[in-house]
> 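To start, I am sharing the structure in question, which I have written as structure tokens.
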2 protein chains.
Amino acid sequence: MDRQEQFKALIKHKGLKVTQQRLLVLEVLESHHDTHMAVEDIYDLIRKDHPDVGLATVYRTVQLLLEMQLIDRIYLNDGCVRYELGHLFDGGHKHNHHHLICKTCNKVISFKEDLLERLEQQIEKTEAFRIDDHELKFYGQCKECIRKEDGK
Amino acid sequence: MDRQEQFKALIKHKGLKVTQQRLLVLEVLESHHDTHMAVEDIYDLIRKDHPDVGLATVYRTVQLLLEMQLIDRIYLNDGCVRYELGHLFDGGHKHNHHHLICKTCNKVISFKEDLLERLEQQIEKTEAFRIDDHELKFYGQCKECIRKEDGK
DNA sequence: TTCATTGCAAATTATTTGCATTTGA
DNA sequence: TCAAATGCAAATAATTTGCAATGAA
């Protein structure tokens, strides 16, 4: 069962309807799976082929997908709210938000790494806090920006 | 030199003025150093004793403190923007944002931990990205909420 | 058919800005 | 004195909501 089928099943199971608009939002997020998209970005891409989809619908759909935990909300430090396809679609294994954020060009690089498990275990013990999920951002400079700065 | 003196010196050095309002914002952040405050929270606290300080001034001051890197902006996943006293005031050592966020009661617990250094080194090598700072959030349930849920 | 969903426009919320007035150095 | 800072109100930006029309089951 591919993502779209999975999504349709989930939607129906909730007693909701599978609409063109919902599929479009999902499609856009799927095809930009490597980036982090603001609602306006999603809206603009949908508009190209479907000019009469409303912005409010995109907001509502994003909200819905978020509640269904199919997408994740990301706050980078530029103040913009962005979204990306969530982990449930990646086979349901444990979720990780790992981002390298360049403070010069604002590029965001995602990476996968599971070295935090030991730390989590330690924290669960010392803080008596059950950890379900984590989000880790490193701020610094990407190689392109380091190179440019050196060249000055 | 205490924080306030340090702040006055920095402000003057920039050719800016030490005003009552700026001191008030700093004071509020200092006395709530354990929490993360929204601009409105800061404004409300200041208002109690100084009813004619304007909200716009608080926004402007927070902006200024942020640029001076004296405070840090935090995005929790409830969509609210909050601020806390930054690391420069803690002696200038390397900055860490470590938060445990309870998904049930939204309580935020801060913790200090430097186990990420090895991971940073590895990433600097494999991704060719220079890391200046990081931010780590663990989402889960705090002990109080675990207890309450068990008691149901 | 029937109720969820949509598009639109208006409302709301958070934040910023223009400007006349005030104030710190 | 005099530019920087302030308070207020108006402007802007992001998001949400009310409602009549539309569309999926």
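Computed from a predicted model, the values in this text were never measured in an experiment. All chains are named by letter (A, B, ...) in the order of the sequence lines, taking the proteins before the strands, and each is independently numbered beginning at 1.
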> Keeping the roles fixed (side chain from B:Arg22, backbone from B:Lys17), state whether a donor-acceptor pair exists under 3.5 Å.
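The answer is yes, because a donor-acceptor pair under 3.5 Å joins these two groups.
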> Between the side chains of B:Glu124 and B:Arg130, is the shortest nitrogen-to-carboxylate-oxygen separation below 4.0 Å, so that they form an ion pair?
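Salt bridge between B:Arg130 and B:Glu124, a charged N being under 4.0 Å from a carboxylate O: no.
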> Fit a plane to each ring of A:Phe138 and B:His134, take the angle between them on a 0 to 90° scale, and name the class: parallel (under 30°), tilted (30 to 60°) or perpendicular (over 60°).
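The rings of A:Phe138 and B:His134 stand perpendicular, inter-plane angle above 60°.
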> Between B:Gly15 and B:Val58, name the one whose nearest nucleotide on DNA chain D is closer to the 5' end.
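On the 5' side of the pair lies B:Gly15.
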> Can you pull out every ring-ring contact (aromatic ring centres under 6.0 Å, His included) where at least one residue sits in residues 49-71 of chain B? Sequence neighbours excluded, please.
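Those involving residues 49-71 of chain B do not exist here.
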> How long is the line joining CD of A:Gln21 and P of D:dA21, in whole Å?
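Interatomic distance, CD of A:Gln21 to P of D:dA21: 18 Å.
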> Within the 4.0 Å limit for protein heavy atoms, which parts of nucleotides 15-25 of chain C are touched? Write it as a string from 5' to 3', B for base, S for sugar-phosphate only, - for none.
SBBB-----BS
> Let me know the distance between CG of A:Leu24 and C1' of C:dT6, rounded to the nearest Å.
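Nearest whole value for this atom pair: 13 Å.
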> Rounded off to whole Å, could you give me the CD1-to-C1' distance for the A:Ile42 and D:dA14 pair?
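After rounding, the gap between these two atoms is 14 Å.
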> Nearest whole Å is fine: how far is C:dT5 C1' from A:Leu23 CG?
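So the CG-C1' distance, A:Leu23 to C:dT5, works out to 13 Å.
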> Send over the distance from B:Asp52 CG to D:dA5 P, rounded to a whole Å.
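Rounded to whole Å, this separation is 19 Å.
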> Considering residues at least two apart in sequence or located in another chain, which fulfil the side chain to side chain contact (heavy atoms under 4.5 Å, CB included) criterion with B:Arg60?
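Applying side chain to side chain contact (heavy atoms under 4.5 Å, CB included) to B:Arg60 gives B:Ala56, B:Thr57.
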> To the nearest 0.5 Å, what is the distance between CD1 (B:Ile74) and CZ (B:Arg82)?
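Spacing of CD1 (B:Ile74) from CZ (B:Arg82) equals 9.5 Å.
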> Same cluster or not: B:Ile101 versus B:Ile146, using hydrophobic residues (I, L, V, M, F, W, Y) connected whenever any side-chain heavy atoms lie under 4.5 Å apart?
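The answer is no; the residues belong to distinct hydrophobic clusters.
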> Please report the distance, rounded to the nearest Å, between OH in B:Tyr43 and P in D:dG7.
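Interatomic distance, OH of B:Tyr43 to P of D:dG7: 9 Å.
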> Let me test you: for the helix from C:dT1-D:dA25 to C:dA25-D:dT1, what is the angle between the axes at its two ends (five pairs each), rounded to 10 degrees?
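One end's axis against the other's: 40°.
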> Could you pull out all residues at least two apart from A:Val81 that satisfy side chain to side chain contact (heavy atoms under 4.5 Å, CB included)?
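If we apply the side chain to side chain contact (heavy atoms under 4.5 Å, CB included) test to A:Val81, skipping adjacent residues, the hits are A:Arg73, A:Tyr75, A:Tyr83.
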> Salt bridge (Lys or Arg N to Asp or Glu O under 4.0 Å) with A:Glu144: which residues, sequence neighbours excluded?
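Testing A:Glu144 for salt bridge (Lys or Arg N to Asp or Glu O under 4.0 Å), a comparison that skips the adjacent residues, returns A:Lys107.
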> What is the separation between atom NE2 on A:His13 and atom P on D:dA25, rounded to the nearest whole Å?
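Checked: the NE2 to P distance equals 16 Å.
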